[in-house]
Chemist: 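Just dropping this structure here.
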Amino acid sequence: MSSTHIAWLIALAFTPTGAVLATAAHGRIREIRRLIRTGERAQGVVIRLEPTQLEGPGSESTITVRRSGTTAYYPVIAWTTVDGQAMETRTHVARPLNRTLSLGARVDVRYDAAKPSRWTLPAEKPGVWWLFVGLGGLCVAIGTAFVVVALSYGP
């Protein structure tokens, strides 16, 4: 296989993957901002913490952490919509016990009245989603660089 073909294959792997990743993460950021601005408000309480085991490199897991065997927790929040619908939702990000919400903690919840499963915690910052936007942009840049390389070598 020629170096031009390899450059095209790398470009075809990185560019669409990066574009999808960045677009999806940016969509989540926009949804969070919209919910904070216009969403209905509710008071929630952390009713339990769902543990998840993070595995290190070489495991079947896709998550890489500094130490294998680290446990992180997803807070589960109970809250009620304006029309009286009881909700129980799990946060989108798991964190170590010393960095997550504690049991019984009261939190503000913002949600879409038409679809309460779309919700967010105003106190949660979208920083992790910006990280994915940046990672997606980096993949697009790498893919674009390989397109330039492939085009410079010609057919």
Chemist: If you define the side chain from C-beta out and look only at heavy atoms, does anything of R28 sit under 4.5 Å from V128?
Modeler: no
Chemist: How far apart are the C-alpha atoms of H26 and W129, what are their side-chain angles, what is the distance that settles it, and do they pass the side chain to side chain contact (heavy atoms under 4.5 Å, CB included) test?
Modeler: CA-CA 7 Å; H26 190 260; W129 299 108; over 6 Å; no
Chemist: Should V93 and I77 be counted in the same cluster of Ile, Leu, Val, Met, Phe, Trp and Tyr side chains packed under 4.5 Å apart?
Modeler: no
Chemist: Quick check: closest heavy atoms across T4 and A150, and the distance to 0.1 Å?
Modeler: CG2-O, 3.8 Å
Chemist: Identify the two heavy atoms, one from V140 and one from T15, that lie closest to each other, and give their separation to 0.1 Å.
Modeler: CG2-O, 3.6 Å
Chemist: Please answer: with hydrophobic residues joined when any side-chain heavy atoms are less than 4.5 Å apart, are V76 and V45 in the same cluster?
Modeler: yes
Chemist: Mind checking whether V147 and W8 have side chains closer than 4.5 Å, heavy atoms only?
Modeler: yes
Chemist: I'd like to check R110 versus E40 (side-chain heavy atoms, cut-off strictly below 4.5 Å). Are they in contact?
Modeler: no
Chemist: What is the distance from atom CG of D108 to atom CD1 of I36, rounded to the nearest 0.5 Å?
Modeler: 10.5 Å
Chemist: Between S102 (side chain) and A105 (backbone), is there a donor-acceptor pair under 3.5 Å?
Modeler: no
Chemist: For F14, I'd like to know if atom CZ has over 12 heavy atoms of other residues, nucleotides or ligands within 6.0 Å.
Modeler: no
Chemist: Please tell me whether I6 and L12 are part of a single hydrophobic cluster in this structure, the criterion being side-chain heavy atoms less than 4.5 Å apart.
Modeler: no
Chemist: Working to the nearest 0.5 Å, report the span between CG of L35 and CZ of R118.
Modeler: 8.5 Å
Chemist: Does L97 reach the side chain of T71, with side-chain heavy atoms less than 4.5 Å apart?
Modeler: no
Chemist: So, do L121 and V109 sit near enough that their side-chain heavy atoms are less than 4.5 Å apart?
Modeler: yes
Chemist: Determine the minimum heavy-atom distance between F146 and A7, stating which atoms define it.
Modeler: CB-O, 3.5 Å
Chemist: Got a second to check how far T100's OG1 is from E50's CD, nearest 0.5 Å?
Modeler: 11.0 Å
Chemist: Minimum heavy-atom separation for G136 to L21, with atom names?
Modeler: N-CD2, 3.7 Å
Chemist: Is R95 close to Y74 at the side-chain level, that is, under 4.5 Å between some pair of heavy atoms?
Modeler: no
Chemist: Could you state whether L138 and I29 fall into the same hydrophobic cluster, counting links through intermediate Ile, Leu, Val, Met, Phe, Trp or Tyr residues with side-chain heavy atoms under 4.5 angstrom apart?
Modeler: no
Chemist: Please report the closest heavy-atom contact between A11 and P16, naming both atoms and the distance.
Modeler: O-CD, 3.8 Å
Chemist: Please report the closest heavy-atom contact between V46 and P75, naming both atoms and the distance.
Modeler: CG1-CB, 4.1 Å
Chemist: Is it the case that one hydrophobic cluster holds both I47 and L101, taking links as side-chain heavy atoms less than 4.5 Å apart, direct or via other members?
Modeler: no
Chemist: If the condition is ring-ring contact (aromatic ring centres under 6.0 Å, His included), which residues does H92 pass it with, not counting sequence neighbours?
Modeler: W119
Chemist: Indicate yes or no for a side-chain donor-acceptor contact from T23 to the backbone of V20 under 3.5 Å, with no hydrogens or angles considered.
Modeler: no
Chemist: Out of curiosity, R34 CZ to D112 CG, how far, rounded to the nearest 0.5 Å?
Modeler: 5.0 Å
